[in-house]
Amino acid sequence: EWLWIGFPHDSDEWPGYLARAQEQIAAFANAVAESEQAVRLLVRDAANEARARALVSGAVTVERRVFGDVWLRDTGPLVRADGT
């Protein structure tokens with residue numbers, strides 16, 4: 001039903017590039033949302049939520065969740081297709 005995207009937040013993972021990585025992920029989320037695909041951008045904390053909201057359009061849903069970094073396969077939400 002929607003695409004999960006993790007917003008970069010860990011400066012140790014993005015030394016010297018965190019702001020640029022955030023801008024690029026936000027641009028990706030905006031592009032996906034423009035295609036009418038629902039997007040949920042996961043942010044780690046209030047500061048990153050404010051930064052993400054400044055970068056994305058209103059078509060992107062921003063949600064605060066605990067996760068590792070942008071690689072959500074290992075740290076993001078698990079979803080089952082059969083509804084259980």
Compile the donor-acceptor pairs under 3.5 Å between side chains in residues 59-67 and protein atoms, sequence neighbours left out, one pair per line.
residue, atom, partner, partner atom, Å
Glu63, OE1, Arg65, NE, 3.0
Glu63, OE1, Arg65, NH2, 2.8
Glu63, OE2, Arg40, NE, 3.4
Glu63, OE2, Arg40, NH1, 3.1
Arg64, NE, Glu49, OE1, 3.0
Arg64, NH2, Glu49, OE1, 2.6

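- Residue pairs satisfying the salt bridge (Lys or Arg N to Asp or Glu O under 4.0 Å) criterion with at least one member in residues 25-36, sequence neighbours excluded, are absent.
- Applying the salt bridge (Lys or Arg N to Asp or Glu O under 4.0 Å) test to pairs two or more places apart or on separate chains, those with a residue in residues 4-22 are Arg20-Glu23.
- Nearest heavy-atom pair, Val39 versus Trp2, reported as atom, atom and distance to 0.1 Å: N-CB, 4.4 Å.
- Here the side chains of Leu42 and Trp4 are in contact, with some heavy-atom distance below 4.5 Å.
- Applying the ring-ring contact (aromatic ring centres under 6.0 Å, His included) test to residues at least two apart or on different chains, none of the pairs has a partner in residues 13-59.
- Nearest heavy-atom pair, Val56 versus Ala26, reported as atom, atom and distance to 0.1 Å: CG1-CB, 3.8 Å.
- What you find for His9 and Gln22 is that their closest heavy atoms are CA-NE2, 4.4 Å.
- Using a distance-only test at 3.5 Å, with no hydrogens or angles considered, a donor-acceptor pair links the side chain of Asn30 to the main chain of Ser57.
- The shortest side-chain heavy-atom distance between Ile25 and Leu41 falls under the 4.5 Å cut-off.
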